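Structure below; questions to follow.
Small disclaimer: the values here were computed from a predicted structure and weren't measured. Order of the sequence lines fixes the chain letters, A, B, ..., with proteins taken first and strands second; residue numbering starts at 1 for each chain.
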Number of protein chains: 2
Amino acid sequence: MGLRHVDMFALAADLVVFALEDTRLKILLIRRGNSPFKGHWALPGGFLEKGETLEQCAERELAEETGIELRHLKPLGTFSKPGRDPRGDVISVAYMALVRTDGLTVTAGSDAREAAWVPMDKLPKLAFDHAKIIDTARTRLTDDLYQSQAVFSLLPDSFTLAEAQSVFEQIIGEPLDKRNFRSWLHKEGILQETGEERRGAHRPAKLYSLEEGGL
Amino acid sequence: MGLRHVDMFALAADLVVFALEDTRLKILLIRRGNSPFKGHWALPGGFLEKGETLEQCAERELAEETGIELRHLKPLGTFSKPGRDPRGDVISVAYMALVRTDGLTVTAGSDAREAAWVPMDKLPKLAFDHAKIIDTARTRLTDDLYQSQAVFSLLPDSFTLAEAQSVFEQIIGEPLDKRNFRSWLHKEGILQETGEERRGAHRPAKLYSLEEGGL
DNA sequence: GCAAAAGTGTTATCCCTACACCCATGA
DNA sequence: TCATGGGTGTAGGGATAACACTTTTGC
């Protein structure tokens with residue numbers, strides 16, 4: 001028995017890409033160049049092609065559309081509600097990525113008229129069911145916060161503890177106690193001092209990096 | 001732009017259904033009646049049809065093939081490796097369910113020549129990449145054990161604490177301390193005494209049921 | 001009365017939380 | 001010298017983990 005009498009669908013991989021830009025947690029959005037939802041903001045993503053996995057598709061689309069240095073890619077879920085795409089039967093498989101923006105320029109490509117980092121608390125109306133996908137991603141991000149070191153992929157190679165704390169605070173949406181956060185980091189043993197310091201307007205801050213063997 | 005130039009795929013929902021049978025934790029498998037993998041054991045599941053979500057598809061297939069009283073259905077993941085199905089481009093979206101077998105008979109239907117509850121530690125060789133899917137399900141089951149009351153869906157309406165403990169022990173694969181397990185249950189407040197007892201070969205055991213408002 | 005499963009508390013340890021002051025620097 | 005962010009320790013409460021004996025029943 002082959003697949004002759006089986007319904008067929010298009011599959012899209014959509015990406016919720018988080019990054020720190022300007023010390024704020026943001027999501028990568030594109031403005032669509034084609035219908036449907038022409039001119040609307042949407043998640044980057046694209047159609048699965050034969051011969052690749054959905055994860056590869058997500059990686060390819062992200063690279064094609066933005067040239068971003070990929071770090072973590074987590075499966076988020078499948079969105080299959082009939083009618084979610086006005087073109088017809090499109091199932092979306094969503095992935096989540098955490099990237100860092102140091103020296104990175106986002107360039108709009110192919111279907112994207114524009115691409116931009118948008119603060120999470122200032123999201124515009126989104127095409128398709130992408131608002132729901134982002135919601136799933138935010139929930140997942142907070143749920144996994146303390147279980148994986150993935151969040152550190154948002155930070156550059158070396159960073160101050162205050163910067164790390166700020167990331168955690170933005171994700172959970174409330175302030176953390178400085179000493180408790182630091183003693184938690186110490187207990188986990190996931191960071192190491194680089195020996196360097198960041199000098200700014202005030203007392204210099206020690207720089208840290210992820211312990212070798214992380215990820 | 002429509003979907004004319006986009007690759008199309010068949011989508012299957014596959015189910016990892018856990019149940020307690022004969023006090024042992026088992027998985028529902030079918031023996032395939034058609035090629036490919038004719039005569040091999042596989043997970044129950046079937047193709048997505050237009051107009052339904054993948055979750056509805058999974059529920060429908062489970063009902064069609066087994067008539068099982070459905071309790072919990074959790075999305076597990078997407079399996080899209082090219083070549084995973086010899087018929088061609090089939091993407092599998094896996095779900096997990098926990099059911100109870102009291103007074104339930106599994107009847108093989110449609111594509112299934114046979115359907116059976118198979119102990120988790122005695123799984124046969126499986127069709128497609130279903131062994132991998134089961135592996136994902138087992139990991140998920142253990143990860144979520146203490147976070148949700150879903151496991152109690154494996155047990156009948158009323159049960160003894162020893163039976164509940166046995167379920168937990170089979171899932172994590174190691175023995176638990178009786179007193180600690182009970183005080184944890186007490187702290188969580190998820191069970192209530194029914195007032196009944198189960199009488200057996202020895203001292204009778206009190207029966208418990210899930211606190212109202214569970215799930 | 002004996003074999004077998006049911007039932008029951010306490011203690012030590014670890015982790016989490018709350019909380020306030022001094023330090024080093026640039027301006 | 002002062003304003004600003006960087007850096008540090010402790011004490012109390014709650015949860016977890018280890019641990020053994022008595023009770024009740026059927027046979």
Quiz item: Among all residues two or more places apart in sequence or in another chain, which pass the ring-ring contact (aromatic ring centres under 6.0 Å, His included) test with A/Phe128?
Solution: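 Partners of A/Phe128 under the ring-ring contact (aromatic ring centres under 6.0 Å, His included) test: A/Phe37, A/His130.
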
Quiz prompt | Carboxylate-amine/guanidinium contact A/Lys26 A/Asp121, below 4.0 Å | solution = no

Practice problem: Report the C-alpha separation of B/Phe181 and B/Phe168 in whole Å, then their side-chain angles, then the decisive distance to 0.1 Å, and conclude whether the ring-ring contact (aromatic ring centres under 6.0 Å, His included) test is met. | Solution: CA-CA 9 Å; B/Phe181 180 72; B/Phe168 278 72; 5.0 Å; yes

Quiz item: Is the closest basic N to carboxylate O distance between B/Glu196 and B/Lys206 below 4.0 Å?
Solution: no

Self-check item: Under the side chain to side chain donor-acceptor pair (under 3.5 Å) test, residues paired with A/Arg199 that sit two or more places apart
Solution: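 Per chain and number, A/Arg199 pairs via side chain to side chain donor-acceptor pair (under 3.5 Å) with A/Glu197.
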
List every contact pair, protein side and nucleotides 9-14 of chain D side both N or O, where the distance is under 3.5 Å.
none

Quiz prompt | Results of side chain to side chain donor-acceptor pair (under 3.5 Å) for A/Glu55 - residues two or more places apart only | solution = none

Quiz item: Under a criterion of less than 4.0 angstrom to any heavy atom of chain A, what are the 5'-terminal and 3'-terminal contacting nucleotides of DNA chain C?
Solution: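 Contact boundaries, 5' end first: C/dC16 to C/dG26.
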
Practice problem: Please report the closest heavy-atom contact between B/Ala58 and B/Leu73, naming both atoms and the distance. | Solution: CB-CD2, 4.2 Å

Quiz item: Quick one: salt bridge (charged side-chain N to carboxylate O under 4.0 Å, His left out) pairs with a partner in residues 169-192 of chain A, sequence neighbours left out?
Solution: none

Quiz prompt | Of B/Leu98, B/Ile133, B/Leu29, B/Leu28, the residue whose pairing with B/Val16 passes side chain to side chain contact (heavy atoms under 4.5 Å, CB included) | solution = B/Ile133

Exercise. Sequence neighbours left out, what passes side chain to side chain donor-acceptor pair (under 3.5 Å) with A/Arg138? Give chain and number order.
Key: none

Quiz item: With a 3.5 Å cut-off and no angle check, do the side chains of A/Asp14 and A/Ser92 form a donor-acceptor pair?
Solution: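 Result is yes, a qualifying pair exists.
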
Quiz item: Mind checking what makes side chain to side chain donor-acceptor pair (under 3.5 Å) contact with B/Ser166, not counting sequence neighbours?
Solution: B/Gln170

Quiz prompt | Between P of D/dC19 and CG of B/Leu176, the distance in whole Å | solution =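 Rounded to whole Å, this separation is 15 Å.
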
Self-check item: Members of residues 140-147 of chain A that approach DNA chain D, where some heavy atom sits under 4.0 Å away
Solution: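 Listed by number, there are none.
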
Practice problem: Verify, without hydrogens or angle tests, whether B/Gln165 (side chain) and B/Leu176 (backbone) share a donor-acceptor contact under 3.5 angstrom. | Solution: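 Judged by distance alone, yes, a pair lies under 3.5 Å.
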
Quiz item: For DNA chain D, what residues of residues 184-209 of chain A have any heavy atom nearer than 4.0 Å?
Solution: A/His202, A/Arg203, A/Pro204, A/Ala205, A/Lys206

Practice problem: Keeping the roles fixed (side chain from A/Glu52, backbone from A/Glu49), state whether a donor-acceptor pair exists under 3.5 Å. | Solution: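 Present.
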
Quiz prompt | Selection: residues 160-173 of chain A, any non-hydrogen atom under 4.0 Å of DNA chain D | solution = A/Ala162

Can you list, pair by pair, the side-chain donor-acceptor contacts under 3.5 Å of residues 74-83 of chain B, counting residues two or more places apart and other chains?
{"unit_1": "B/Lys74", "atom_1": "NZ", "unit_2": "B/Asp144", "atom_2": "OD2", "d": "3.2"}
{"unit_1": "B/Thr78", "atom_1": "OG1", "unit_2": "A/Thr78", "atom_2": "OG1", "d": "3.2"}
{"unit_1": "B/Ser80", "atom_1": "OG", "unit_2": "A/Leu54", "atom_2": "N", "d": "2.8"}

